[in-house]
Amino acid sequence: MEWSTISLILCVFGFFKEFRPNEPFVTNYLNGTWKNFTLEQVNQEIFPVSTYAYLATLILVFLLTDLIRYKPVIILCGLSGAATFITIIFGTTIFHMQIVEFLYGLLLSTEVAYYTYIYAKVDKERYQKVTSHTRGAFLLGRFMAGVFAQLTISFKILDYEQLNYVTVASLIIATIWALFLPPVDQSIYFHRSEPSITDISASLGSPDSYHTLSASSSHRISQTETKTFFIKIKHAYYLLWEDFIKAYTNRHVVKWSLWWAFATCGYLQVISYIQVLWENAVKHTEPNSNDFQIYNGAVEAVYTLISALVVFCVGNLHFNWPLVGEAILSIFSFIEGFLLIASYMCDNIWVLYAAYVAFGVIYHSIITVASFEVAKHLSEDSYGLIFGTNTFFALLLQSILTLIVVEKKGLALDIKSQYLVYGGYYIVLGIVFMIMNFFTICYYCKKEKPMKIWVKSMESIVEP
């Protein structure tokens, strides 16, 4: 099958997977007459479960994706999504909603198969093109979901519960469509298709012997018909560990990965509870809050569209990132922190909408830079591993933050106070990277290296 056909099939799946028009209004649905949960229950007892579920399933799903070769996990992605919103329709108790959040966490973790499948099916020279296709389908699906949700709610064509049925239908279509994806014959770690090595068992006898074997590219061992399942697992473990060590002993990768993990932790926390903040603001400022027109869907659509345009532009910037990277990370971390503190201080829904859009656009812009800066220093085979590892650390941090700030076992802060904490979190992150930038500038001065801020697109910049 042609690469363009495979990319088209995957993109159609991605569009329908992301076409979930109920999501911009899920808090209103849970807090409304359909479910009658309080904002405190939604905030402290329901939403945190998805964070823990995402963390618990991410690494397992990543390994399972490589082991069973992508397609079954893509189908599971669609099924878990459909199950999520079927359960939210028929569930009536907090426990049912916690099951919903667990399934939603599984949906998020299985998305790794969607983003990595295409690399196993096309040649490396087409990676950039197919990456833009899959990312575009993701953004288009979210944009159309936001537009559809806002129009149908504003013109009273559908209510919040009916949007759930549209979402379920979209995810069922995505699941059926995934069946047409061609199977994958090889994968990165468990089913690598490369020249074989003699005496596989001896080579895999110990970490020391494998380390000796790993001295050249020929040390990547192929899948053979006679290789046992145990040796496959052992082989995959050594390949995973080798790629992990190679990546995280690189200073540039570590620097950008630190921001990636900490900023993603904060971003996920903010978007997880933003609807609770909006609903709280409406209830406190509008005497007839039940009749107040909210624009969550429109905000999501605008946010997605602006993010897509800005991310495209970011790809054409040619800063000397080894020199100015920490400074830019610091400045935008400060801005994000102040936006969240403004969200804490203000109850005006329009200010909250604007702060959310600005916050999200900044995050997507800088995480795009972080992605390609990390990728520059990795082999293509290990990018999925490092992406998954950074996301895992982000989720681990988010789980700790949730436990301390949100849960009843911790501080159990009200929603506004939570955003004060998140704002302070980003300001501390900005201070850390400001200090890192000071040491980078000192290094450049000491070595008398040219401190060029802007470089030509083809000019090679080496990290100090």
Can you confirm whether or not the ring centre of [X] sits under 6.0 Å from the ring centre of [Y]?
| X | Y | value |
| --- | --- | --- |
| F19 | F148 | yes |
| Y356 | Y303 | yes |
| Y267 | H364 | yes |
| F244 | W241 | yes |
| F332 | F359 | no |

Within this structure, what is the [atom1]-[atom2] distance for the pair [X] and [Y], rounded to the nearest 0.5 Å?
| X | Y | atom1 | atom2 | result |
| --- | --- | --- | --- | --- |
| S109 | F392 | OG | CZ | 12.5 Å |
| L420 | Y425 | CG | OH | 15.5 Å |
| I74 | R69 | CD1 | CZ | 14.5 Å |

Query raised in the report: Do other residues, nucleotides or ligands put more than 12 heavy atoms under 6.0 Å from the OH atom of Y248?
Result: yes
pair [X]-[Y]: side-chain heavy atoms closer than 4.5 Å:
| X | Y | result |
| --- | --- | --- |
| L107 | C77 | yes |
| I386 | V374 | yes |
| T27 | I274 | no |
| P48 | Y273 | yes |

[X]: which residues meet the salt bridge (charged side-chain N to carboxylate O under 4.0 Å, His left out) condition with it, sequence neighbours left out?
| X | answer |
| --- | --- |
| R20 | E18, E23 |
| K446 | none |
| K121 | none |
| E279 | K283 |

Query raised in the report: Is any side-chain N of the basic residue among E111 and K17 closer than 4.0 Å to the acidic one's carboxylate O?
Result: yes
**Report entry** Sequence-distant partners of F387, ring pair (Phe, Tyr, Trp, His ring centres under 6.0 Å), two or more places apart
**Finding:** W260
Query raised in the report: Judged by modelled atom types alone, do S333 and W259 share a side-chain donor-acceptor pair under 3.5 Å?
Result: yes
Query raised in the report: Taking atom types as modelled, is there a side-chain donor on S417 or D414 under 3.5 Å from an acceptor on the other?
Result: yes
Query raised in the report: Side chain of N22, backbone of N164: donor and acceptor closer than 3.5 Å?
Result: no
Requested in this report: Could you note down all residue pairs passing salt bridge (Lys or Arg N to Asp or Glu O under 4.0 Å) where residues 351-361 supplies at least one of them, sequence neighbours left out?
Outcome: none
Query raised in the report: Could you go step by step and tell me if E45 and K408 meet the salt bridge (charged side-chain N to carboxylate O under 4.0 Å, His left out) rule?
Result: CA-CA 8 Å; E45 299 181 55; K408 290 182 177 179; 3.3 Å; yes
Report summary line: Paired with T402, the side chain to side chain donor-acceptor pair (under 3.5 Å) test is passed by just one of Q269, Q418, E407, namely Q269
**Report entry** Audit row: I75, T175, side-chain contact (heavy atoms from CB on, under 4.5 Å) steps and yes/no
**Finding:** CA-CA 5 Å; I75 295 171; T175 304; 4.1 Å; yes
Report summary line: The ring pair (Phe, Tyr, Trp, His ring centres under 6.0 Å) partner of Y160 among F25, Y29, Y165 is F25
